[in-house]
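So you know, we letter chains A, B, ... as the sequences are listed, proteins then strands, and number each from 1.
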2 protein chains.
Amino acid sequence: MKFEEAKQEFIQSWGVLGTQWGINRTMAQIHALLLIAPDALCADDVMEQLQISRGNANMNLRELIDWKLVNKVLKPGERKEFFQAEKDIWKVAMCIVQERKKKEFDPLLKTVTDLKEIEDGGASKESAEFLETMLSIERFALKGDKALTGLVAASDNWFTGTLLKLFK
Amino acid sequence: MKFEEAKQEFIQSWGVLGTQWGINRTMAQIHALLLIAPDALCADDVMEQLQISRGNANMNLRELIDWKLVNKVLKPGERKEFFQAEKDIWKVAMCIVQERKKKEFDPLLKTVTDLKEIEDGGASKESAEFLETMLSIERFALKGDKALTGLVAASDNWFTGTLLKLFK
DNA sequence: TTGAACTTTCAAAATTTACTGAAAGTTATT
DNA sequence: AATAACTTTCAGTAAATTTTGAAAGTTCAA
């Protein structure tokens with residue numbers, strides 16, 4: 001297999017993985033492109049390599065920056081912006097975990113907690129089962145919350161070499 | 001808040017969570033409906049409560065059964081099928097983890113492993129960086145694979161009360 | 001073997017989501 | 001202040017996904 005083929009296949013696969021997880025295909029493809037780029041790329045590089053419009057490239061690059069998966073790099077003497085991906089896959093995973101927890105998991109936990117406050121507090125068979133479900137989701141979510149928070153904290157500490165702080 | 005409102009909001013929220021994770025909104029809503037149902041529901045119940053067509057209900061119920069999140073129940077004396085969700089949230093989570101690992105994570109690992117076999121084995125700066133990326137994704141994925149497999153095995157053993165088997 | 005009760009399939013329609021490209025906005029340079 | 005280099009926005013369009021509903025398929029009882 002030639003390098004170019006492999007590159008295209010990786011970008012393709014990363015894009016498919018993205019869509020399967022509710023992430024815009026193009027955003028995932030740009031991420032793939034930057035992950036394997038030895039040097040930071042500019043918007044035109046991304047547009048050309050993925051054959052996408054300026055607007056599309058710009059929007060998805062911003063989104064990747066929001067997720068902290070990509071950094072803006074300014075080269076001395078150059079007007080335009082360059083983009084560089086976080087290359088450490090473990091850090092990438094932690095970014096994604098944190099982001100999704102914040103955007104999707106936390107709101108769900110809040111909703112479920114609120115939904116326990118129904119007027120008829122389990123008087124009917126239906127509302128009793130409902131409360132039961134809300135409670136078990138809440139219990140599970142709280143454990144998950146702690147586990148993820150702990151995981152992210154442990155990783156951060158591992159990276160900064162300050163694992164000891166955890167035991168203070 | 002009235003029970004009916006809370007019920008609708010839960011179904012709604014579970015549906016949104018689904019779409020955010022690349023799962024069909026209706027499939028997630030049916031799942032929500034069954035999670036809070038005290039008794040198994042039939043296709044017509046689902047159609048009526050969610051205001052969806054028979055085809056849609058049928059397809060998404062099959063999909064939920066594929067995922068092992070829902071079981072078909074046959075009531076004596078009744079021709080039609082009833083559907084019942086797995087209620088234990090931990091089991092639900094493990095089902096989803098297993099399913100997604102199998103459908104999305106494993107294929108990616110295979111792809112990435114294959115993509116290391118490029119003709120020019122890192123001769124250019126570009127292909128060297130590419131190989132580096134493939135390797136680090138592979139290393140990460142293998143660890144993730146082990147962690148998830150272990151997690152699922154531990155859960156299964158916890159449920160069947162045979163935790164000891166792990167140490168044989 | 002007929003028909004009633006129910007399930008499955010799938011082409012076409014509806015809906016949702018993503019993309020384009022041109023215009024407006026910004027920033028730096030002369 | 002005018003221009004050049006670049007980025008952002010967003011209305012309109014295109015593409016992908018989801019849904020419908022009617023026809024075909026299945027199963028069982030009489």
Side-chain angles (χ1 to χ4, degrees), chain A residues 11-34 40-67 70-84 100 103-104, chain B residues 11-34 40-67 70-84 100 103-104:
Chain A
I11 291 171
Q12 197 50 40
S13 303
W14 206 247
V16 169
L17 188 71
T19 55
Q20 287 170 332
W21 288 80
I23 284 164
N24 181 295
R25 170 184 263 101
T26 303
M27 175 169 152
Q29 288 181 334
I30 296 176
H31 186 223
L33 185 62
L34 293 175
L41 302 181
C42 68
D44 291 273
D45 294 334
V46 172
M47 287 164 62
E48 193 202 320
Q49 294 214 40
L50 298 180
Q51 298 285 351
I52 59 176
S53 71
R54 185 170 302 283
N56 196 8
N58 181 68
M59 289 213 294
N60 286 110
L61 280 165
R62 295 305 130 195
E63 189 75 8
L64 283 165
I65 290 172
D66 264 7
W67 282 62
V70 166
N71 287 107
K72 196 186 286 190
V73 180
L74 293 169
K75 294 194 182 177
E78 294 254 29
R79 277 287 274 287
K80 64 186 165 194
E81 300 171 329
F82 288 78
F83 302 92
Q84 177 173 267
R100 302 203 75 150
K103 286 189 186 159
E104 297 145 15
Chain B
I11 291 171
Q12 197 50 39
S13 303
W14 205 249
V16 169
L17 187 71
T19 54
Q20 288 170 332
W21 287 80
I23 285 165
N24 181 296
R25 170 184 264 102
T26 303
M27 174 170 154
Q29 288 182 333
I30 296 176
H31 186 223
L33 185 62
L34 293 175
L41 303 181
C42 68
D44 291 274
D45 294 334
V46 172
M47 286 164 62
E48 193 202 320
Q49 293 213 41
L50 299 180
Q51 297 285 349
I52 58 175
S53 71
R54 185 170 301 283
N56 197 6
N58 181 70
M59 288 213 295
N60 286 109
L61 280 166
R62 295 305 129 194
E63 190 74 8
L64 282 165
I65 289 172
D66 265 7
W67 282 63
V70 167
N71 287 107
K72 195 186 289 190
V73 180
L74 293 170
K75 293 194 182 177
E78 294 255 31
R79 276 289 272 290
K80 63 187 163 193
E81 299 172 329
F82 287 77
F83 303 92
Q84 177 173 265
R100 301 203 76 150
K103 286 190 186 158
E104 297 145 14

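Listed nucleotides: D:dG21, D:dT7, C:dG21. Nearest to the side chain of B:Ser53: D:dG21. Here the side chain of A:Met59 is nearest to one of D:dC10, D:dG21, D:dT7, namely D:dC10. When each of C:dC19, C:dT7, D:dT7 is scored by its nearest atom to the side-chain atoms of A:Arg62, the top-ranked nucleotide is D:dT7.
Straight-line distance from the CD atom of B:Glu63 to the P atom of C:dT9: 12 Å, rounded to whole Å. Distance, A:Arg25 CZ to D:dA15 C1': 11 Å, rounded to whole Å. Rounded to a whole Å, the CE atom of A:Met47 is 12 Å from the C1' atom of D:dC6. Taking atom CZ of residue B:Arg54 and atom C1' of nucleotide C:dA5, one finds them 10 Å apart after rounding to whole Å. Between B:Asn60 atom CG and D:dT17 atom C1' there is a gap of 12 Å when expressed in whole angstrom units. In this entry the distance linking CZ of B:Arg79 with C1' of C:dT7 reads 11 Å, nearest Å. Atom CD in A:Gln51 sits roughly 14 Å away from atom P in C:dC19 (whole-Å rounding). Atom pair A:Asn56:CG and D:dT13:P shows a separation of 18 Å (rounding to whole Å applied).
Distance check: B:Asn58 CG to B:Met47 CE gives 10.0 Å after rounding to the nearest 0.5 Å.
The aromatic rings of B:His31 and B:Trp14 sit tilted relative to each other, their planes meeting at an angle between 30° and 60°.
Listed pair A:Thr26 / C:dC19 meets the phosphate criterion, a side-chain N or O lying under 4.0 Å from OP1 or OP2.
Across the interface with DNA chain C, nearest-nucleotide mapping of A:Gly55 and B:Lys80 shows B:Lys80 to be the residue nearer the 5′ end. In terms of position on DNA chain D, the residue among A:Thr19 and A:Asn58 whose nearest nucleotide sits closer to the 5' end is A:Asn58.
No contact: A:Glu78 has no heavy atom under 4.0 Å from any strand. A:Asn24 comes within 4.0 angstrom of sugar-phosphate atoms only, judged by non-hydrogen atoms across all strands, and of no base.
Side chain of B:Asp45 to main chain of B:Cys42: a donor-acceptor pair is present (N/O by atom type, distance under 3.5 Å, no hydrogens or angles).
When side chains are defined from C-beta on, A:Lys72 does not count as touching A:Gln84, because their heavy atoms never get closer than 4.5 Å.
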